[in-house]
Amino acid sequence: MNNVFVDMPILSVLIWLPILGAVIILAGGSDRDSDGFRSRWIALGVSTVELVLAIALLVAFNPHASGFQFVEIMDWLPAYGVSYHLGIDGISLFFVLLTALLTPVVILASWREDRRVRTYMAAFLLMEALTIGMFESLDFLLFYIFFEGVLIPMYLIIGIWGGERRVHAALKFFLFTLAGSLPMLLALVWMWQHAGTTNMVTLAHMPIPASVQDWLFIAFLASFGVKAAVWPMHIWLPEVYGEAPLPGTVMLAAVLSKMGAYGFLRFSLPMLPEASAYFAPLMFVLGVIAVIYISLAALAQRDIKRMVAYSSAAHMGLIIVGIFTLSIVGIEGALFQMVSHGLVIAALFLCIGVLLSRGQSRMLDQLGGLAARMPVFATFLMLFVLANVGLPGTSGFVGEVLVLAGAIKVNFWVALLTGTGMILSVAYMLVLTRRVLFDTARYSSNVATNDLNGREWLMLAPIAVLVLFLGIYPDVLTVPFSHAVQTLVHETLASGRAVPSGRLAMVTR
Amino acid sequence: MINESGTFSVALPIVAIAASALVMLLAGTLSKRDHAFAITGAAIFVFAIVGRLVFVAPTGVGFHGMLIANGFTRFADILVLLGAIGALVLSASFNQRVGIARFEYPLLVMFAVIGMLVLIGADNLLSLYVGFEIQSLSLYVLAAVARDNLRSAEAGLKYFVLGALSSGLLLYGISLVYGFAGTLDFGGIARAASGATGARLGSMVGLVFVLVGLAFKISAAPFHMWTPDVYEGSPTSVTSFFATAPKVATMALLARVLFIPFGPMLPHWQLLVEIIAALSMIVGAVGAIRQTNIKRLLGYSAVGHMGYALIGIAAGTAAGLRGTLIYIAIYVVMSLGTFGCVAAMSRKGKPVEQIEDLAGMADEDPRYALALAIFMWSMAGIPPLAGFFGKLYVFLAAIHAGLDVLAVIAIATSVIAAFYYLRVIKVMYFDRGAPGFDPRSIGMNVVIYASAIGLVLFIFVPGSVTVASAQAAHVLLGSGF
């Protein structure tokens, strides 16, 4: 098996296969209903093959080797030190997998979509390709192209298939993200002309003057912060998550927000170690505010979609705290939480989609008593809610504990306040379950309350199994993480270039 | 250096166009019927042949130092010819539709192109001015070519009055430079500019006027006032020509004038170009926000694009010039495609120009909508489309040359500009409506789809354009310094 994949450029195949699928869908026929059938099946087929390939990648991946694997390198702009350079390590592997898993799931979730099916399916395949490409890139320019290119399909997805205020939401999403990523483009250009290459491995080992690092860090923060919706750069999030079509929200919350967190790990930390240490207290403050303030905001929501959206942003705060502990435990926790959050938030949004497809309302005060009518659905929802609040035995628990363990070493108060935020998440998630599943039924009599059908089982069951499996057997993730994270922490932060303790002193003592 | 045996062969492309234009003029006037379509086809054919002749003409100086041919002029010549061919292809059916299909139209385009080739190859301020006027006079007439149409006539007149003013400024600047430098030859001016302080100071005053005159032609702010009006008033076929070929020619000339005769004065003009670039980007971004007419919007967008292209010149380096050349090359393709889409906007034979008219286009004609969306995203500089690379190279040059403020202004205006480009996409994809446009001609389809495919596939071959423009930039700076 190993040999097959050494010969086959599997990372490129993972990028280009969905693009090919999108082109085939777009090239044939027109947006008539009869084509919807064809487009759906092509999209599902391509994304399933993609998932199989991603699983094969996981199998072939050697978790005990350090450095990047499956590396592909090809000249692209040789005169300027730019190449088509792909590779994965323990950090990026699971985000490729997450994307490959969630794309067929959201395609299943939108099986009933009948408006411009062709464009719709092509947009999702394109997004899958760009997202996977971004996680695989080892060249900064290539990374930027994928990072920003995602805007194109997402703008269309929100704007065409979104809710009432979709046009406004689409524009808001596009302009916020663009305004965030252009400073990164300047940072990229600066590093490019400083190093003469955009190879990320080289850039990570290139010393940059501390004064410049601060500016570059701010530029990266603008771009990754908006994408990851770090407080206060989350202000676009409630409206966009609320208005985007559900499958779009799933991708936004589960995958696109991880792009930001991934960016911090791949760029800010290794390339700007001094600045990362310098700004770590600021990041803690932003993370803690996100956890507490956004959790409180979630508690005040009457719309379940927005409540889950706020919950997603609150958990991103936890991830930010974990990353900037700059410790092995904290970063591993953040990574674990990123994967777990991707699964759980996606599942929660999918559950909301199940309700909406039955004509149920999104408003908490118009739902209730579904546990009796839809027991299977209720079980799934309960499981994901508990995973979201971090109950032991679910994947959410491992990530939270590791992040808190990392944080408490840095600063007691950071850990305490982050932990408090997690308690708040229990509060709003339980409000949600009580209002939706128990309580008296408030929905009008003409909405359907039939339990899950086969397609919905197929969407939710794999995620549920994974959530439990990762909760019980976290080694599956932590072992592959550990090599990459150790390299990251040792090579860049402990090599003497960074002195976290010195500048952190004002906070820790 | 001076290769007198190549006197005529240096001007081979120009002579070829001039000779065939005169023959076609005779044929057009002598024949009873109006053969507009055939003559347009012939003109396209001539341009294609000339595209080959550009490479046949030897590198060297001709007409006693009046004209020059080298790698740089070839690069610009090819872009001008590309723009002219694209505009002519669009005009063939568009002019028939709006009833301005006359054989004079392709001829005027040919004469304008002669002017542009002279302009690009000028190695003397006199030949520069002659080229400038050949181009301008043809363009004035082209703007007013729909002479029964009030708006077209107004556009022509407005363009003529303001253009004459700018020509006057240019000529005044040239005379000042001549007075202080004692020569009109580019090389001579360069020697004078690096010599005595007095000559340098006087030439600086002259340079400001020359710069203003050229800035007017590329519609850089604050000399852009005519652009939205002329873009809107002229027939779309004319506008598509205005937006491409003259911009390339004048930008190439601007680069040559600044880098060769005034190269030694780089510190003096650098700030001036920076200010023009910054103002253009700001005016282009802010001015377009409230436009409802797509041609006016594109007019302001052109102002902004010229600002980005000028960043490279402001950097004053070979990398900067390379950035400008790449930007202009991509800009020509984006503009042609966009104007192809605008030319296709017509109902029952009458052109419509409001952005709202595009509502519902994505449902009715997904291919057209996708193509126009690609042009808009590319103009907004979203990767992986070609427009992004244009911006990337000029940013690279700006950061390299330490023009950080200009780079920050550029990204701020990019965000603002993205807003109005996105509005076009929004109208097509998110709004409901039934455009009911007339079927497109083959020519329009060719221009639209070729440009769209080119912009999408650019990412796979960024090297070829980059290398070509880098060579062109190297030729210019290698011979200048």
Side-chain angles (χ1 to χ4, degrees), chain A residues 19 23 26-27 29-31 75-80 82 84 115-116 118-119 122 130 133 141-152 155-156 158-162 166-168 170-171 174-194 215 219 222, chain B residues 319 322 362-367 369-370 373-374 376-378 380-385 388-389 391-402 404 407-408 410-423 425-431 456 459-467 470:
Chain A
I19 291 182
V23 170
L26 279 182
S30 63
D31 259 340
D75 277 350
W76 189 33
L77 274 174
Y80 305 97
V82 182
Y84 173 81
R115 289 168 295 167
R116 300 196 205 161
R118 221 158 54 98
T119 321
L130 293 171
L141 188 61
L142 198 63
F143 172 89
Y144 185 84
I145 288 171
F146 286 127
F147 188 82
E148 188 115 324
V150 173
L151 287 182
I152 293 178
Y155 175 73
L156 292 180
I158 300 171
I160 301 180
W161 297 279
R166 61 202 163 87
V167 174
H168 189 248
L171 191 66
F174 198 102
L175 289 185
F176 263 87
T177 322
L178 184 67
S181 28
L182 282 172
M184 178 166 77
L185 180 62
L186 281 192
L188 177 151
V189 164
W190 190 90
M191 291 169 89
W192 186 2
Q193 67 102 19
H194 183 69
W215 287 105
Chain B
R322 181 191 72 210
D363 275 329
E364 190 173 290
D365 190 347
R367 296 222 170 93
L370 185 64
I374 286 172
M376 291 295 118
W377 272 317
S378 181
I382 306 297
L385 302 169
F388 165 73
F389 289 92
K391 286 213 167 79
L392 182 72
Y393 283 110
V394 293
F395 286 170
L396 189 63
I399 295 283
H400 193 71
D404 299 346
V408 171
I411 60 166
T413 52
S414 292
V415 177
I416 303 174
F419 169 76
Y420 59 78
Y421 293 128
L422 282 183
R423 211 181 52 189
I425 302 174
K426 173 222 141 198
V427 168
M428 287 193 301
Y429 276 88
F430 306 165
D431 291 357
V456 172
I459 187 168
F460 297 108
V461 284
S464 51
V465 177
T466 315
V467 168

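Quick caveat: nothing in here was measured; it's all calculated off a predicted structure. In what follows, chains are A, B, ... by sequence order, proteins preceding strands, each numbered from 1.
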Return the [atom1] to [atom2] distance between [X] and [Y], rounded to the nearest 0.5 Å.
{"X": "Leu385(B)", "Y": "Glu148(A)", "atom1": "CG", "atom2": "CD", "result": "11.0 Å"}
{"X": "Ile160(A)", "Y": "Lys426(B)", "atom1": "CD1", "atom2": "NZ", "result": "13.0 Å"}
{"X": "Ile425(B)", "Y": "Leu156(A)", "atom1": "CD1", "atom2": "CG", "result": "7.5 Å"}
{"X": "Leu186(A)", "Y": "Ile411(B)", "atom1": "CG", "atom2": "CD1", "result": "4.0 Å"}

Winner by heavy-atom pair count (cut-off under 4.5 Å) against chain B, out of Gly149(A), Pro78(A), Gly159(A), Ala170(A)
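When all of Gly149(A), Pro78(A), Gly159(A), Ala170(A) are compared, Gly159(A) has the most.
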Please find the pair of heavy atoms, one from Val189(A) and one from Ile399(B), that lie closest to each other, and give the distance.
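Heavy-atom minimum between the residues: CG1-CG1, 3.5 Å.
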What heavy-atom pair brings Ala179(A) and Val415(B) nearest, and what distance separates the two atoms?
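What the structure gives for the nearest pair is CA-CG2, 3.7 Å.
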Side chain, backbone, both or neither: which part of [X] has a heavy atom under 4.5 Å from chain B?
{"X": "Ile152(A)", "value": "both"}
{"X": "Leu130(A)", "value": "neither"}
{"X": "Trp192(A)", "value": "side chain"}
{"X": "Tyr144(A)", "value": "both"}
{"X": "Ile145(A)", "value": "both"}

Note, Leu141(A) side chain near Leu392(B) side chain (heavy atom, < 4.5 Å):
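Counting from C-beta outward, Leu141(A) and Leu392(B) do come under 4.5 Å.
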Any chance you could lay out the side-chain contact (heavy atoms from CB on, under 4.5 Å) test for Arg116(A) and Tyr429(B), step after step, and finish with the verdict?
CA-CA 10 Å; Arg116(A) 300 196 205 161; Tyr429(B) 276 88; 3.8 Å; yes
Using a cut-off of under 4.5 Å for heavy-atom pairs, which of Leu396(B), Ile382(B), Leu422(B) has the most such pairs with chain A?
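Of Leu396(B), Ile382(B), Leu422(B), Leu422(B) has the most heavy-atom pairs under 4.5 Å with chain A.
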Who wins among Pro384(B), Pro462(B), Ser414(B) for the most heavy-atom pairs under 4.5 Å with chain A?
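When all of Pro384(B), Pro462(B), Ser414(B) are compared, Pro462(B) has the most.
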Please evaluate residues Trp190(A) and Asp404(B) with respect to the criterion side-chain contact (heavy atoms from CB on, under 4.5 Å), reporting the C-alpha separation (whole Å), side-chain torsions for both, the decisive distance (0.1 Å), and the verdict.
CA-CA 10 Å; Trp190(A) 190 90; Asp404(B) 299 346; 5.9 Å; no
Under 4.5 Å heavy-atom distance to chain A, tell me which part of [X] shows up: side chain, backbone, both or neither.
{"X": "Ile416(B)", "result": "neither"}
{"X": "Ala470(B)", "result": "side chain"}
{"X": "Val408(B)", "result": "both"}
{"X": "Phe395(B)", "result": "both"}

If you take the centroid of each ring, where Trp contributes its six-membered ring, are Phe419(B) and Phe174(A) closer together than 6.0 Å?
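Aromatic pair excluded; centres sit 6.0 Å or further apart.
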Check the pair Tyr80(A), Thr466(B) against side-chain contact (heavy atoms from CB on, under 4.5 Å), reporting the backbone distance first and the verdict last.
CA-CA 10 Å; Tyr80(A) 305 97; Thr466(B) 315; 3.2 Å; yes
Step by step, work out the side-chain contact (heavy atoms from CB on, under 4.5 Å) result for Ile459(B) and Trp76(A).
CA-CA 9 Å; Ile459(B) 187 168; Trp76(A) 189 33; 3.4 Å; yes
Crowding at NE2, His400(B) (>12 non-hydrogen neighbours, <6.0 Å)
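No, not enclosed.
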What is the ring orientation for Phe430(B) with Tyr155(A), classed by angle as parallel under 30°, tilted 30 to 60°, or perpendicular over 60°?
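Phe430(B) vs Tyr155(A) ring planes: tilted.
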